[in-house]
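For reference, the structure is listed below as structure tokens.
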Protein chains: 2
Amino acid sequence: MSSPKSETPKLNKGQQTKALILETALELFRERGYEQTTMRDIAEKANVALGNTYYYFRSKEHLIQAFYHRTQEELLAASEPILAKERSLKARLLGIMRARLELIEPYHQFAGVLFRTAGDPKSPLNPFSVESLETRKQSTATFEQVVGGARLRIAIPADLYAELPNLLWIYQMGIILFWIHDTSPNRIRTHQLIEHTVDIVAKLITIATFPLVRPLIKRTLRLLATFRQDLDNLPAPNLDEEIDKDELDSGLEP
Amino acid sequence: MSSPKSETPKLNKGQQTKALILETALELFRERGYEQTTMRDIAEKANVALGNTYYYFRSKEHLIQAFYHRTQEELLAASEPILAKERSLKARLLGIMRARLELIEPYHQFAGVLFRTAGDPKSPLNPFSVESLETRKQSTATFEQVVGGARLRIAIPADLYAELPNLLWIYQMGIILFWIHDTSPNRIRTHQLIEHTVDIVAKLITIATFPLVRPLIKRTLRLLATFRQDLDNLPAPNLDEEIDKDELDSGLEP
DNA sequence: ATAAATTCTTGAACGTGTTCAATATTTGTG
DNA sequence: CACAAATATTGAACACGTTCAAGAATTTAT
């Protein structure tokens, strides 16, 4: 029985089996969908015992997590040339979003499973969970590079700069959620959406620096920073002491 | 065997059984949680056969859907006095959001299951699905009342007015997602978040009418309207003909 | 080279969501 | 009221995710 990962030496037997199970699973998920692929299918095709799959992967859903990790690493690699080449914030963000879509496209049939745990506070797979913090940080780090390495005509205030990676991460999650539902040829709708929203996001960043709206933005960013600390597993400060509601934005009552 | 819904006459046998199963399920979900409650538990406690539960509810998850429907109806009832009393947009929205939180509070332990299908385009339970359109419309109708019945100092442009109910619906979904993760006493964190974000939302509405940002807002709203038609199961217009990217917001490059 | 320790593999069994043919009960009609 | 049609109920069985004790294989230590 030849090893399917013969181009990657130094794997012991267990690591080889783990990779085989994962490759087999992803292949079957791609072909048939997540629900239609059973663990028995995977074990059979990989020529291992059913229980063996659970030695390496805690659950069927953990197999999906592995796919996400993989695309995360691939995005890191793919983002280097983009960020080296592009200068404007818009082009950088657009490049990254397009790369993201390309990398996840083969998994369209089952990528939605990623969202299954979003409503389960106890699941380690939950994108908002502490356990997912590492992965989330990798993602936001890329967005920090998008912004930090851009040649700008405006100065982004420090408080906005601090929150942008996370805001862009949420933006990305929204786009992925849309993409999951997108059945148009070549995901044309999602690409169109990105074209427009990247432009809008860039302009909103400019608007957020305007003096007229600055107090409200400051306040909003403070709020976001506070609640982000929940997400990043930091101690939560007392909200009411941190944010004063009746600041200089009181003339904006609708 | 006395009927548990004796105060609601005119139910035939089937309807009585359906109600009994649902009540039993929701009770057990509340006590033990969704995952820990099996369909066998429900059938046994309701004194019906296991297979009978499937005669009335297509799946375990459909039981959750019924809870959502119920809170939707309860919110309709609860929103009347609030909307009759409050005049300002802020107070109205705050009232509705608070009412929403109160109504769903008993179900905190299992409300997250609602989000499980958000990533499954094929699931009829998906909040974004065509099948959920009716429910969604009820929800957005409430938000339309929030805005439409408010006494305002500004004139909300028609395009913004048309999109606000859906935007507020998405806002609400975000708040509920946060609430699901909120373990603070009496959901104080979520209440604090609402206090602040309702105020911010109100002010953002004002800002959206400013001439300086108006072109960008118009464009964004057109984009939203286009993609909302996907959601509302309407024919999708050709995006590129509907929205001109290089309009009067071109001075906003960051 | 051999023994000990560790890791990997296995398949029977379990729990739980779901199905469905057979039967019982209810409803509607003359 | 009787009977036919429609609806409701049932429990055995199935499918599939998961578990785990026993045994095999691999790795490590001497």
Side-chain angles (χ1 to χ4, degrees), chain A residues 1-5 9-26 28-29 31-66 110 113 116-117 120 122-125, chain B residues 1-5 9-26 28-29 31-66 110 113 116-117 120 122-125:
Chain A
M1 174 167 153
S2 65
S3 159
K5 301 286 288 184
K10 292 177 183 171
L11 294 183
N12 61 28
K13 189 62 166 58
Q15 288 164 334
Q16 290 178 38
T17 305
K18 181 174 183 178
L20 174 63
I21 292 168
L22 179 56
E23 292 305 322
T24 308
L26 294 183
L28 289 178
F29 290 160
E31 280 176 21
R32 315 178 184 182
Y34 179 77
E35 302 294 337
Q36 286 73 45
T37 303
T38 67
M39 296 301 277
R40 286 165 176 82
D41 293 335
I42 295 164
E44 187 182 336
K45 178 140 195 191
N47 212 25
V48 300
L50 176 58
N52 211 5
T53 63
Y54 292 94
Y55 182 76
Y56 294 102
F57 298 94
R58 219 165 104 205
S59 71
K60 192 179 177 184
E61 281 180 2
H62 280 80
L63 288 164
I64 296 289
Q65 195 71 349
F110 63 90
V113 179
R116 188 181 278 178
T117 49
D120 182 359
K122 299 196 193 71
S123 172
L125 302 180
Chain B
M1 172 165 158
S2 65
S3 160
K5 301 285 289 185
K10 292 178 184 170
L11 295 182
N12 61 26
K13 188 61 167 55
Q15 288 163 335
Q16 290 177 37
T17 305
K18 181 173 182 178
L20 173 64
I21 292 170
L22 179 56
E23 292 305 323
T24 307
L26 294 183
L28 289 178
F29 289 159
E31 280 176 21
R32 315 177 180 182
Y34 180 77
E35 303 292 338
Q36 286 71 45
T37 303
T38 69
M39 296 300 278
R40 287 166 176 81
D41 294 335
I42 295 165
E44 188 183 334
K45 178 143 196 193
N47 213 25
V48 299
L50 176 59
N52 210 7
T53 63
Y54 292 94
Y55 182 78
Y56 295 102
F57 299 95
R58 218 165 103 206
S59 70
K60 192 178 177 185
E61 281 179 2
H62 279 80
L63 288 164
I64 295 290
Q65 194 72 349
F110 62 89
V113 179
R116 186 180 279 179
T117 50
D120 182 358
K122 298 196 195 73
S123 171
L125 302 179

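Convention: sequence-line order gives letters A, B, ...; per-chain numbering from 1.
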Next on the checklist: Check this for me, if you would: do A:E61 and B:R116 make a salt bridge, where the nitrogen-to-carboxylate-oxygen distance has to be below 4.0 angstrom?
Outcome noted: no

Item to check | Distance-only donor-acceptor test (3.5 Å): side chain B:R40, base C:dG15 | outcome: no

Item to check | Approximate separation, where rounding is to 0.5 Å, of A:I42 CD1 and A:N47 CG | outcome: 14.0 Å

Next on the checklist: Measuring from atom CZ of A:F110 to atom CD of A:E31, what distance do you get when rounded to the nearest 0.5 angstrom?
Outcome noted: 11.0 Å

Next on the checklist: When you measure from the side chain of A:E44 to the backbone of A:D41, do you find a donor-acceptor pair of N or O atoms at a distance under 3.5 Å?
Outcome noted: no

Checklist entry - For A:T117, does its backbone N or O pair with a side-chain atom of A:S123 as donor and acceptor, under 3.5 Å? => result no

How many whole angstroms separate atom [atom1] of [X] from atom [atom2] of [N]?
| X | N | atom1 | atom2 | result |
| --- | --- | --- | --- | --- |
| B:M39 | D:dA15 | CE | C1' | 16 Å |
| B:Y55 | D:dT7 | OH | P | 7 Å |
| B:Q16 | C:dT25 | CD | C1' | 13 Å |
| B:L28 | C:dT16 | CG | P | 13 Å |
| B:I42 | C:dT16 | CD1 | C1' | 12 Å |
| B:E44 | D:dT10 | CD | P | 13 Å |
| A:I21 | C:dC8 | CD1 | P | 11 Å |
| A:K18 | C:dT9 | NZ | P | 13 Å |

Next on the checklist: Just to be sure I understand the rule, does A:T53 reach a base, reach only the sugar-phosphate, or reach nothing, if contact means heavy atoms closer than 4.0 Å?
Outcome noted: nothing

Next on the checklist: With a 4.5 Å cut-off on side-chain heavy atoms, are B:Y55 and B:T17 touching?
Outcome noted: no

Item to check | Close side-chain approach of B:L22 to B:L63, heavy-atom, < 4.5 Å | outcome: yes

Item to check | Which residue lies more 5' along DNA chain C, comparing B:S59 with A:T17 via nearest heavy atoms | outcome: A:T17

Checklist entry - If you check the A:Y56 side chain, which of C:dT9, C:dG17, D:dT10 turns out closest? => result C:dT9

Checklist outcome for this item: For nucleotides 19-27 of chain D, 5' to 3', base contacts (B), sugar-phosphate-only contacts (S) and non-contacts (-) with protein non-hydrogen atoms under 4.0 Å give BB------S

